[in-house]
Amino acid sequence: MDEDVLTTLKILIIGESGVGKSSLLLRFTDDTFDPELAATIGVDFKVKTIAVDGNKAKLAIWDTAGQERFRTLTPSYYRGAQGVILVYDVTRRDTFVRLDNWLNELETYCTRNDIVKMLVGNKIDKENREVDRNEGLKFARKHSMLFIESSAKTRDGVQCAFEELVEKIIQTPGLWESESQNSKLRLSDSPDARGGGSCGGYCSML
Amino acid sequence: MSGPDEDRLSPPLEHSRSIPLPRPFLPHLQVVMAEPLGRRLTDAGRFACAGLCGVSLCSLFPGEEQSSFRTGFIRGLVGWLQLSEAVLPVMEAFASGAGEEGSHSFADLLREEMALKDAAILIPQDLVSFSLRDGYYDSRARVLIRHVSGLLQVPFEELEVYEESLVKSLKGHEAEDSEQAESSQRKASRRRLKRYFLIGLAAVGGGTVIGLTGGLAAPLVAAGAAAVVGTAGAAAIGSAAGVAIMASVMGAAGAGLAGYKMNKRVGAIEEFEFLPLTEGTQLHITIAVTGWLCTGKYGSFETAWRSLRQCKEQYCLAWESVYLMELGNALVTLLNGLLNMVAQEALKYTVLSGLVTALTWPASLITAANIIDNPWGVCLNRSAEVGKHLAQVLLSRQQGRRPVSLIGFSFGARVIYFCLQELAKETGSKGIIEDVVLLGAPVEGGAKAWKALTKVVAGRIVNGYCRGDWLLNFVYRSSSVQLTVAGLQPIALEDKRVINVDLSSIVNGHLDYMKQMDTILKAVGVKTKDCRLEDQRNMSGLPACPHALHSTMPLRPETLPSALSPPSPSAAGPQTQPNHPPHPTPEFLQQIWWRIRVKSYSKIVSGAWSLSSGET
C-alpha cells in the first residue's frame, strides 16, 4: 500500500485553545464530530492518506494543544513540517487577534522558510460571527497564506482545507523532494563501506 | 552512595519514629507509595513522562517483534500516570516511531516541573515501581529506565541505590514479622510492598542456585520445580502449598538442582553449577562465565571475576572444569613451551595483516596442533551444550523474574552466545536478558547470526575482540576462509545495541582475556572494584603459577626490533572503531614474514622456531 504513496508530508495544526483544531482533524480523518470533545492533552497524532491530482500523499498530522500549559511541548513538532494549518474561531475575535503571535511562534521554531500555511476560520455554522470573511482573507493575503472558512460540525470546507494545502505543497517541489532524496542518499551511504579505511591505528606504529 | 544524596532527594519523613527500619532506605519507598507520581505532576508533565517513554521505547526496541511490549508498556503507563485515555493513540504513535523530535522537549519539561525541581530522580524511580507492579521486572523495562534516567540527567547509580533500597526494605519488613505492634495501615502497606517487590529475593545457602522466584511467580516456580523433583513431586507442591511455602520449598529443592538436572536432562554435560561471586540481593543479577582454567593461579572459575562489580548479586557459572582445565593447560603449554615471545609477536602481526593461510603457519605450531586441537574441539561442543542448557535454566526463571546480564570470555563467551541463540528460538524469551558482554568469543561473527541475539537482549551486546589473537585464528585455520570469528573482528551489524570494542591494545593473546580481565572490564564499560593494594602487589610480583608467562615477562617495546614493536597499551588505549581495522602495511609484513621464515628455517625443523631480536 505504501508503495504508490508519492511522499509523506508533515502537517501541523495550531491555534488558540477551543477554536476547533481537534474537531477539524477528527472530521477530516474519521468524518465524525463530537460537540463535547475534551481539550487536547499535549499533542495528538493522526495519519491519513489522500489523493491529490492523482498523486497519493500520506499525511502525518500533528494536532497541538492550544492551552497555555502545554505550550512548552508543542514547538518541537514544528521542526520539519511542510504544511501548517492555523485555525481561529470566527465567533471569537480574540482568537483572530492572536494569530500574529502564532505566526511569530511559527517563524521562531519552524525549520523551513517555504512552509505552506493555510488559515482556517472555523465554526461558520454558528450564528454569532465576530470575524468577517473578508478580514480573514485580508490577513491571509498579507501573510501569503491560503485561506478557507470551515465548519467541522457541518463538514463545510474541511476536506477542502487539507486538499488545497497538500496540493500547494506538492506544487512546491523543493519542499518535499529534498526529503526523499535525502533518504536515498542515506541508503547508498550505509554499511559495508569498509575496505578503503582498512589502514589505521597500527600503520603509524610500524 | 548513601547519606547526603539521599537525604537531599527525599522529603522529610514524618513517620520515621514509628517505623524501625534503616532510615536511608524507607524514604524513597514512602514517596512512591504515599504519593504516586501521577498526582505530583501536572498533566503536561504526565504527558511528557509518558511521551518520553514512548519515544524511548521505539528507539530502544524497534521492530515488529517488540511491538506488543511497546504497546503493553505504554498503555500500562498511561493508566499508571492517570492520564486520559484520549492520549493513547498519540502515545502508541510515539511508541511506533512517530514524533522522535519531541523527546528533548519532554525531558526539558520534566526537569522543569515544579514537583521535580530538585529531584528528577523521582521519575525513573516511579518507573521502577511501575515496572514492578506485576511482580515482574522485565529487562527491557530496566533498559528503558536506564535510558530515561540518562535523558533526565539522573545518574543511574542513584537509581540502583533506590532499587537496592526496595530490596532492603522488603527484607526489613520480613525481619519485622515477629514484631507485634503494627498499625493496620502499616500492615496494609507491607502487603502492598510484598506484592510489588517480592520477586525472587529468597537467598539460598550453599551457592547452588540463583535467588529464587517467590510470590507471584508461583506458576513459573512450579514449572521449574517439575524439572527438579519430577512431575509427581511438583504436582504435590503445587497443590499443597501456598505462595510462601512454595518459595521455601524451592529453596530446599534448589540446593540439589545442579547435579540432578545434569544427569537427568542433558547427558553430555557433566558439570553445571552457579557459584556466588558477591553476596547480596538485587533486582537484577549478573552471571559471569569463565572460558578456561589452568593449574595454579587461574585454577578456579571465580579468579577472573575478582574485580567484577556489575551489580551486587553476581554469580559465576561453573561448568565442565575438567575439560576447561585441559584446554587451559594446553594453551599454556603451547604458549610457554613451544613458541617464544618474539615468535608469538610475529604471529600476532601476521594475523593482523591478514596474511595467514593454512600454509603459512609455522611448522612447529602445526606439529603442536594436536595439543590444542583436541581439547579445543571438545570444549567447542561442550560450551554449546552448556549454553543451551543455560538458556533453559534462564527460561524456567530459576533466577527469579528479574533481568540478567551475562558476561564471558573465550569459551564462556561461546556459552553465552549459544545461550542467546537458544533463547532466540524459544517463545517468551524476551525481557530476560539485559546486557551481554562477549570477550574473545570463538563463535561465528556473521551479522546474520548475530541478528538473532538482538531479539533477546534488551540492552547492549558488547563484542570485545582482538585482531592479533593468533591463537583464535590458528584453531580456526581449517575452517572455511569465509568464516568470520567474532573474537577477531567487529560484528558488521547495524544495530544500536551491538557495540564492538577493539581490545587489541590490551589483549596480547588469547590467554590475556583471563589475565587482563580487570583492564578489559573497564575498557568495555563494565563496573569493577579496584583490586586491593596487596592483590596488586602480588600480581606484579612473583606469579603464583609458574606457567603464567605473561605476568613474569611483560612485553616491552624495546626488547623487540623496533619495526615489530607493538603499540604501547598506555598510549593507544582501547579503541572502539567498528569500521576501520588497524592494519599494518601488508608488503612490509610480508617482508618480515619471509625473513623470519628463512632465518629460522633450521630451527623450525627442530621444533624451536624462534626469532631473536638481533637477527632482523
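We name chains A, B, ... by the order of the sequence lines, and we start the count at 1 in each one.
Residues from residues 26-44 of chain A that place a non-hydrogen atom less than 4.5 Å from a non-hydrogen atom of chain B comprise A/Ile41, A/Gly42, A/Val43, A/Asp44, given in numerical order. For residues 139-153 of chain A, an interface with chain B (any heavy-atom pair closer than 4.5 Å) does not exist. Of all residues in residues 59-77 of chain A, those placing a non-hydrogen atom less than 4.5 angstrom from a non-hydrogen atom of chain B are A/Trp62, A/Arg69, A/Phe70, A/Thr72, A/Leu73, A/Ser76, A/Tyr77.
With a threshold of 4.5 angstrom between heavy atoms, A/Lys10 approaches chain B through side-chain atoms but not through N, CA, C or O.
Between chain A and the residues B/Gly99, B/Ser84, B/Ala447, the largest count of heavy-atom pairs under 4.5 Å involves B/Gly99.
Note on residues 157-174 of chain A: pairs passing side-chain hydrogen bond (donor to acceptor under 3.5 Å, both in side chains), not counting sequence neighbours, are A/Gln159-A/Glu163.
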